[in-house]
Peer 1: 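There's a structure below that I have some questions on.
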Amino acid sequence: MADPKGFLTTGREVAETRPVGERVKDWNEVYVPGSLLPIISKQAGRCMDCGIPFCHNGCPLGNLIPEWNDYAYREDWSAASERLHATNNFPEFTGRLCPAPCESACVLGINQPAVTIKNVEVSIIDKAWDSGDVTPQPPERLSGKTVAVIGSGPAGLAAAQQLTRAGHTVAVFERADRIGGLLRYGIPAFKMEKSHINRRIEQMRAEGTKFRTEVEIGKDLDAAKLRRRYDAVVIAAGATVSRDLPAPGRELNGIHFAMEYLPLANKVQEGDLTVSPITAEGKHVVVIGGGDTGADCVGTAHRQGAASVTQLEIMPQPGEERNANQPWPTFPMLYKVTSAHEEGGERIYSVSTTHFEGDEDGNVQSLHLIEVEFKDGKLEQKAGTERVIPAQLVTLAMGFTGTDQANGLVQQFGLDLDERGNIARDENYATNVDGVYVAGDAGRGQSLIVWAIAEGRSAARGVDRFLTGTSALHAPIRPTDRSLMV
C-alpha cells in the first residue's frame with residue numbers, strides 16, 4: 001500500500017487549467033503544463049490498495065491501477081510506466097480523453113472524492129516519454145504471416161501494435177490523409193495535442209508496422225482483393241455514420257454534422273488550411289447534442305470567435321449526485337462541466353428542435369425548439385413552450401448509428417450484421433468470413449476509447465491464434481462484455 005493514511009490525510013486535487021481568457025485564444029491543451037507532477041505522488045497515495053479493487057472492473061482494459069498508483073507514490077516512474085503499459089498501449093490517449101469509469105468504481109468514491117486515477121495515469125506516461133522509457137519493442141522473430149488492419153483509430157492502432165509485436169507483418173489502411181482516425185480529426189487539439197499521436201506512430205513504425213493513408217477499403221481497394229492479399233484482416237473502421245435530424249429546414253446552408261465541422265478545424269491546426277471553410281466566427285452557434293462530441297463543438301466555436309454558443313439536449317439535466325438506480329460502482333450519469341463549458345455558452349436541457357428557418361439565400365438563421373418531458377416512458381412536447389433562438393451555424397452531435405456501408409466494405413467482404421447494424425462477430429472477434437475479424441465501434445457500436453483499445457487488444461489475440469494456433473497476447477474483454485452500468 002502506498003500511503004496507509006493517504007486517503008484520510010490528503011484531499012483530492014486535479015490538474016490545473018489555464019485561465020479561460022488565455023486558452024480560448026489558442027489551440028493548446030487546456031491544462032497548465034507541469035502542474036500535475038508536484039502533486040501527483042500524494043494523489044496516488046490516496047489509493048487504498050483495496051482487497052477487491054473495483055477500479056479494475058470499471059476499466060475494460062483491466063488496468064493495474066493500485067500497482068501503478070503505488071509506484072507513482074514512490075516516484076518509481078519506470079516501474080509505474082511498465083505496469084501501465086502492461087494493459088494499455090496508449091495511456092497518453094486514455095489519460096486525456098477517457099471519462100474515467102475507473103474513478104466511478106473507486107472504492108474510496110463510496111463516501112469521498114475518488115482517487116484521481118486519470119491524472120495519475122497521464123502523469124506516469126508523460127514522465128515516461130520525457131525520461132525515454134517509451135521505446136520501440138520490435139518482435140524477436142517474424143512469423144511470415146501478414147495482417148491488414150482497416151482503420152487507424154484507437155482500436156485499429158492497438159490491434160496493429162499487438163500483432164506487430166507478436167511477429168506478424170501488419171499494414172494499417174486509413175482513408176484519411178493522416179493516421180489517427182477520430183483521435184486525429186474528431187478530437188480537438190485543446191483536448192489532446194496531435195504530437196501525442198505522432199510519436200506513437202513513429203514508435204509503431206520503428207517496431208515494423210506499415211501505414212497506408214488515403215486508401216479507403218471498398219472504394220480505392222476492393223475488400224475481396226485485400227482479403228486474398230493478406231493472411232488475416234482486422235476491421236476497425238469505427239461507427240462513422242452520424243445520426244441525422246430530419247426536421248424541416250435541415251437542407252439549409254450552415255447545418256452540418258459535427259464530423260464535418262471538427263475535422264476542418266483540426267486541419268487548420270495541422271497547417272492544411274488557413275481558415276476553416278466552416279467557421280463559427282461572428283456567428284450564433286447552436287450545438288444539438290449534449291455529449292462529449294457536442295462539448296468539442298462548443299470549445300471549437302469559442303476558439304473560432306462565435307458571437308454566442310448554445311448547446312441543446314433532449315434529455316433532462318442530470319443531477320450532481322448519483323441516482324439511487326445508479327449505485328456505486330456503476331458509471332453514473334452526472335451533470336458534467338467540461339473545459340469547453342467553463343469557457344462560456346448556454347446549455348438547455350429537455351428541448352427538441354421542431355424546425356429551422358433561413359434567409360432568402362438559403363442560409364440558416366434561426367432554430368425553433370420546444371420543451372419536452374417523459375411521460376409513461378414516452379417523450380411528449382409541452383404545449384406553449386415553443387421559442388426561437390438565433391442560429392447561423394448548427395452542428396449535429398447526436399451520436400453515430402453504425403459503420404459506413406456506403407463505401408462497399410461490408411458488401412464486398414460479405415459480412416453479416418447484428419440486430420443493431422454492427423458487424424457481427426463471435427467470441428474470438430471473428431466475423432462470418434474466414435480470417436476477417438472486427439474490433440472497436442464497427443462491431444460494438446459507438447463507445448469509449450478504453451473499450452476501443454480493449455477490443456483492439458482482444459481481437460489481436462483472436463487473430464494471433466487464427467494464424468499460429470496459440471497466442472500469448474493479452475485479451476482483456478469478450479465481445480459480449482458491457483460497461484459496468486445499470
Side-chain angles (χ1 to χ4, degrees), residues 2-3 6-47 55 63 65 68-77 80-81 84 88 90-104 106 108-109 112-131 134 183 187-197 199 269 292 295-296 298-303 309 320 334-345 347 449-450:
D3 181 355
F7 68 96
L8 297 173
T9 59
T10 304
R12 178 181 166 107
E13 290 185 78
V14 296
E16 180 184 355
T17 55
R18 295 186 291 135
V20 168
E22 171 190 321
R23 70 189 195 227
V24 295
K25 297 177 182 177
D26 62 45
W27 294 80
N28 300 328
E29 290 183 8
V30 301
Y31 298 105
V32 175
S35 64
L36 270 178
L37 208 56
I39 66 170
I40 207 62
S41 292
K42 280 196 170 184
Q43 289 302 303
R46 297 182 70 236
C47 180
C55 54
N63 282 334
I65 295 166
W68 41 259
N69 272 334
D70 181 64
Y71 285 124
Y73 172 72
R74 302 177 194 282
E75 300 189 6
D76 188 345
W77 301 109
S81 174
L84 189 54
N88 188 352
F90 313 117
E92 66 271 41
F93 301 166
T94 54
R96 287 173 166 83
L97 305 176
C98 180
C102 54
E103 294 189 18
S104 297
C106 173
L108 183 59
Q112 289 190 45
V115 175
T116 55
I117 299 171
K118 182 175 172 179
N119 280 184
V120 176
E121 177 181 24
V122 80
S123 299
I124 293 170
I125 184 56
D126 286 353
K127 182 70 172 178
W129 278 109
D130 293 342
S131 303
V134 183
L183 296 172
I187 303 296
F190 58 80
K191 285 181 67 175
M192 187 180 75
E193 295 171 9
K194 306 313 169 185
S195 59
H196 300 297
I197 305 173
R199 60 187 179 186
Q269 301 312 307
D292 287 340
D296 293 342
V298 169
T300 298
H302 289 320
R303 283 158 180 76
V309 182
E320 297 186 4
L334 300 176
Y335 181 71
K336 183 169 64 172
V337 179
T338 71
S339 64
H341 296 129
E342 292 173 352
E343 295 160 3
R347 303 166 76 178
I449 183 173
V450 279

Peer 1: If you round to the nearest 0.5 Å, how far is SG of Cys55 from CD1 of Ile117?
Peer 2: 5.0 Å
Peer 1: Between the main-chain N or O of Trp129 and the side-chain N or O of Arg199, is there a donor-acceptor pair closer than 3.5 Å?
Peer 2: no
Peer 1: When rounded to the nearest 0.5 angstrom, what distance separates CD1 in Ile124 from CD1 in Ile40?
Peer 2: 8.0 Å
Peer 1: Please find the pair of heavy atoms, one from Ala80 and one from Trp68, that lie closest to each other, and give the distance.
Peer 2: O-CB, 3.8 Å
Peer 1: Hey, could you give me the CD1/SG distance between Ile65 and Cys102, rounded to the nearest 0.5 Å?
Peer 2: 4.5 Å
Peer 1: Given side chains that start at C-beta, do those of Ile449 and Phe90 come closer than 4.5 Å, heavy atoms only?
Peer 2: no
Peer 1: Any salt bridge (Lys or Arg N to Asp or Glu O under 4.0 Å) pairs touching residues 6-16, not counting sequence neighbours?
Peer 2: Arg12-Glu103
Peer 1: Restricting to non-hydrogen atoms, name the atom on Ala301 and the atom on Val309 that form the minimum distance, rounded to 0.1 Å.
Peer 2: CB-CG2, 3.9 Å
Peer 1: I'd like to check Glu121 versus Asn88 (side-chain heavy atoms, cut-off strictly below 4.5 Å). Are they in contact?
Peer 2: yes
Peer 1: Report the C-alpha distance between Leu183 and Leu97 in whole Å, list the side-chain angles of each, state the deciding distance to 0.1 Å, and finish with yes or no for side chain to side chain contact (heavy atoms under 4.5 Å, CB included).
Peer 2: CA-CA 9 Å; Leu183 296 172; Leu97 305 176; 3.6 Å; yes
Peer 1: Under the 3.5 angstrom rule, does the side chain of Arg23 hit a backbone N or O of Val30 as a donor-acceptor pair?
Peer 2: no
Peer 1: So do Lys194 and Gln269 actually touch side chain to side chain, heavy atoms under 4.5 Å?
Peer 2: no
Peer 1: Test your reading of the model: is there a side-chain donor-acceptor pair from Arg46 to the backbone of Thr10, 3.5 Å cut-off?
Peer 2: yes
Peer 1: More than 12 foreign heavy atoms under 6.0 Å from NZ of Lys191: is that the case here?
Peer 2: yes
Peer 1: Hey, is the main chain of Pro101 close enough, under 3.5 Å, to the side chain of Lys118 for a donor-acceptor pair?
Peer 2: no
Peer 1: Going by heavy atoms in the side chains, are Val134 and Ile125 under 4.5 Å from each other?
Peer 2: yes
Peer 1: In chain order, what residues pass the side-chain contact (heavy atoms from CB on, under 4.5 Å) check against Lys25, with sequence neighbours excluded?
Peer 2: none
Peer 1: For the pair Arg347 (side chain) and His341 (backbone), establish whether a donor and an acceptor sit closer than 3.5 Å, ignoring hydrogens and angles.
Peer 2: no
Peer 1: Less than 4.0 Å between a side-chain N and a carboxylate O, is that true for Lys42 and Asp3?
Peer 2: no
Peer 1: Are any side-chain N or O atoms of Glu343 and backbone N or O atoms of Gly21, one a donor and one an acceptor, separated by less than 3.5 Å?
Peer 2: no
Peer 1: Closest approach of Val32 and Ser35, non-hydrogen atoms and distance?
Peer 2: O-OG, 2.9 Å
Peer 1: Can you tell me if Ser41 uses its side chain to pair, donor with acceptor, with the backbone of Ala72 under 3.5 Å?
Peer 2: yes
Peer 1: Is there a side-chain contact between Asp126 and Leu37 (heavy atoms, below 4.5 Å)?
Peer 2: no
Peer 1: Considering non-hydrogen atoms only, spot the tightest contact between Gly344 and Val298 and give its length.
Peer 2: O-CG1, 4.3 Å
Peer 1: Can you check whether Glu29's main-chain N or O pairs, donor with acceptor, with Glu193's side chain at less than 3.5 Å?
Peer 2: yes
Peer 1: Contact between Ile197 and Met192 at the side-chain level, heavy atoms closer than 4.5 Å - yes or no?
Peer 2: yes
Peer 1: Nearest 0.5 angstrom please: Thr94 OG1 to Leu84 CG, how far?
Peer 2: 7.0 Å
Peer 1: Look at the side chain of Thr300 and the backbone N and O of Asp296, then say whether any donor-acceptor pair between them is shorter than 3.5 Å.
Peer 2: yes
Peer 1: For the CZ atom of Phe93 and the CD1 atom of Ile187, what is their distance to the nearest 0.5 Å?
Peer 2: 11.0 Å
Peer 1: So how far is it from Phe190 CZ to Ser339 OG, rounded to the nearest 0.5 Å?
Peer 2: 6.0 Å
